[in-house]
Asker: 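Sharing a structure with you now.
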Amino acid sequence: MTVTAAPRTPAEGGNDFVVVANRLPVDVTVTPDGTRSFTPSPGGLVTALSPVLERNAGCWVGWPGTVDGGMEPFRTDSGILLHPVALTATDYEEFYEGFSNATLWPLYHDLIVPPTYDRTWWETYREVNYTFAREVTSVAAEGATVWVQDYQLQLVPGILRQLRPDLTIGFFLHIPFPPAELFRQLPWREEIVRGLLGSDVIGFHLPQNADNFLTLARSVAGAPGSHTGQPDSLNVEGRASVREISAHITAPDGRRVGVAAFPISIDTASVIDTAAQVDAADIRHRLGDPETMILGVDRLDYTKGILQRLSAYEELLESGALDPHDSVLLQIATPSRERLEHYRRTRARVEEAVGRINGRFAEVGRPVVHYLHRSLGKQQLFGCYVAADIMLVTPFKDGMNLVAKEYVACHGDGSGALVLSEFAGSATELNRAFLCNPHDGDSVKRQLMIAVNMLRDTPDEARDRMLAMHSQVVEHDVDLWARSFLDALRSH
Ligand code: ADP
Ligand code: F6P
């Protein structure tokens, strides 16, 4: 996304459609001479929402990725009005790094690392959610639709409901929602549930996530002896199913709140368009024209299973199942949350493994693992998707995983193979992938070799699998996701 450097001050308060997310779609960097530069923000939320906002002429409220003070609203050249929310250095540490990413993130990803429960972080999370909500009230027109995004802002629906009862409020969670028995660990569980219930419609990626929330809403907010002493005021009816509201909860104030699953997707047509312009042969050539090119693309996050993927590859080289002269693994890792201990440790281990594997199996001028630790432009990234024979997506837990869908979108000719963790949300839709259990190294190795052998021995079978998944992402793109959610919100 490109941004006009000169800010245009908009007419405040007149927006009928407002999206609020922790991040704006661009990170803004201000140099000492005051010049601003813009880079795309990391992550799947931005990938999914940017095209939606472009087509709906909306206003996007969010943090510009810097703690350097206030900033005027500005517009992207595609017409999205960006309304920056200023965060202080303390907000960054306690709201973003702390409560969002060292408490909620691990708790919602099945405790892959232990969450930290810190009252000060919680209080800052509450205050920052107020700040976001107040910013929304300053840009939202009377009766506007406000779509709140993700785990960083779970209190915003409840706050908005109190500040602006005229608004229609939707909430979408971009990460998994954990089973009730895990969520109940959170000391502030009731406040989070009540915050979410300020929405008219709450959306999740998968029916399982919606079910988890419904169970929880009943057991947490209605549990006898719960610490606010609230009566059993939440009733749950029905079950959630994909893309339609089939469950309603009665919130404490008597409103009916719709709960459903809306699996997020990508701007498939635009991915296909970009993929058609890349020079995949050149990428393969620069990688030494390997017979088998394997690709990994992730934010450098401990949930993504990058280290386990590298270990599986190393063992296949060691056993001779893969030939180091003919095989290359390209791992592209976007820097993420770099000051947090578990992220630093993961990066150190990944980089140590890359060094070790190359030390053992590379030859001069011919690494067996290529590792990039940075963001790439879409053209370059999609070039890698097109070039790769096999995409390895091995998260221990992932809300959806758009990288898997992007890879499939780039293989409309039926080439390539996707090895996908059964714990990625996308495995539900991309069920013709080679599904593996990333907790079991043998399973990753087995599925990788089944894919390698199928591409070589029975390419028609591999092609059928890829084409079936390609049709799925063509038919279920991000427009369908946004339309389904917003239609549900409108007709609620
Ligand atoms: P998450 O939201 O957890 O980061 P997803 O797979 O859902 O994971 O989304 C990641 C998004 O970030 C995708 O759209 C992908 O294209 C993009 N992305 C990942 N790594 C890079 C990179 N190194 N450079 C540019 N974009 C990247
Ligand atoms: O998709 C999950 C998500 O956490 C988004 O909420 C977020 O925008 C993205 O990944 C990147 O994470 P961060 O904003 O912490 O860099």
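Atoms within each ligand, like the ligands themselves, are counted from 1 in listed order. None of the values given here were measured: they were computed from a predicted structure.
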Asker: Is R374 close enough to touch ligand 1? Criterion: a residue heavy atom under 4.0 Å from a ligand atom.
Answerer: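 Distance cut 4.0 Å: R374 passes for ligand 1.
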
Asker: Can Q380 be said to touch ligand 1, with heavy atoms closer than 4.0 Å?
Answerer: no

Asker: Which residue owns the protein heavy atom closest to atom 6 (O) of ligand 2, what's the atom, and how far is it?
Answerer: D150 OD2, 2.4 Å

Asker: Has Y407 got any heavy atom lying under 4.0 angstrom from an atom of ligand 1?
Answerer: no

Asker: Tell me which protein heavy atom sits closest to atom 4 (O) of ligand 2, plus the residue, atom name and distance to 0.1 Å.
Answerer: R337 NH2, 3.0 Å

Asker: To check your reading of the model: name the closest protein heavy atom to atom 16 (O) of ligand 2, its residue, and the distance in Å.
Answerer: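 I find the closest protein heavy atom is R23 NH2, 3.0 Å.
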
Asker: Just need the protein heavy atom nearest to atom 15 (O) of ligand 2, so name the residue and atom and give the distance.
Answerer: Y96 OH, 2.5 Å

Asker: Applying a 4.0 Å heavy-atom criterion (strictly less than), which segment of F382 is in contact with ligand 1: side chain, backbone, both, or neither?
Answerer: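 Near ligand 1, F382 shows nothing, with every heavy atom at 4.0 Å or more.
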
Asker: Does the W63 side chain pair with the main chain of T66, one donor and one acceptor, at a distance under 3.5 Å?
Answerer: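 Checking the backbone N and O of T66 against the side chain of W63, a donor-acceptor pair under 3.5 Å is found.
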
Asker: Do any nitrogen or oxygen atoms of N22 lie less than 3.5 angstrom from nitrogen or oxygen atoms of ligand 2?
Answerer: no

Asker: Please state whether R299 comes within less than 4.0 angstrom of ligand 1, counting heavy atoms only.
Answerer: yes

Asker: Could you tell me if Y343 and D301 have a donor-acceptor pair between their side chains, going purely by distance under 3.5 Å?
Answerer: yes

Asker: Measure Q152 to ligand 2 on non-hydrogen atoms and call it side chain, backbone, both or neither using the 4.0 Å cut-off.
Answerer: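 Contact part for Q152 vs ligand 2: side chain (C-beta onward).
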
Asker: Mark the output for Q149 as yes if a heavy-atom distance to ligand 2 is under 4.0 Å, and as no if none is.
Answerer: no

Asker: Which of the atoms in ligand 1, numbered in the order shown and given with their element, are less than 4.0 Å from a heavy-atom of T334?
Answerer: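 Answer, ordered by atom number: 19 (C), 20 (N), 21 (C), 22 (C), 23 (N).
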
Asker: Using a 4.0 Å heavy-atom threshold (strictly under), name the region of V403 that reaches ligand 1: side chain, backbone, both or neither.
Answerer: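 Under 4.0 Å from ligand 1, V403 contributes backbone and side-chain atoms.
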
Asker: Can you tell which part of K378 has a heavy atom less than 4.0 Å from ligand 1: side chain, backbone, both or neither?
Answerer: side chain

Asker: Tell me whether L402 has any N or O atom under 3.5 angstrom from an N or O of ligand 1.
Answerer: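 Between L402 and ligand 1 (N or O atoms, distance only) the closest approach is under 3.5 Å.
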
Asker: Which residue and non-hydrogen atom of the protein lie closest to atom 9 (C) of ligand 2, and at what distance in Å?
Answerer: G43 CA, 3.7 Å

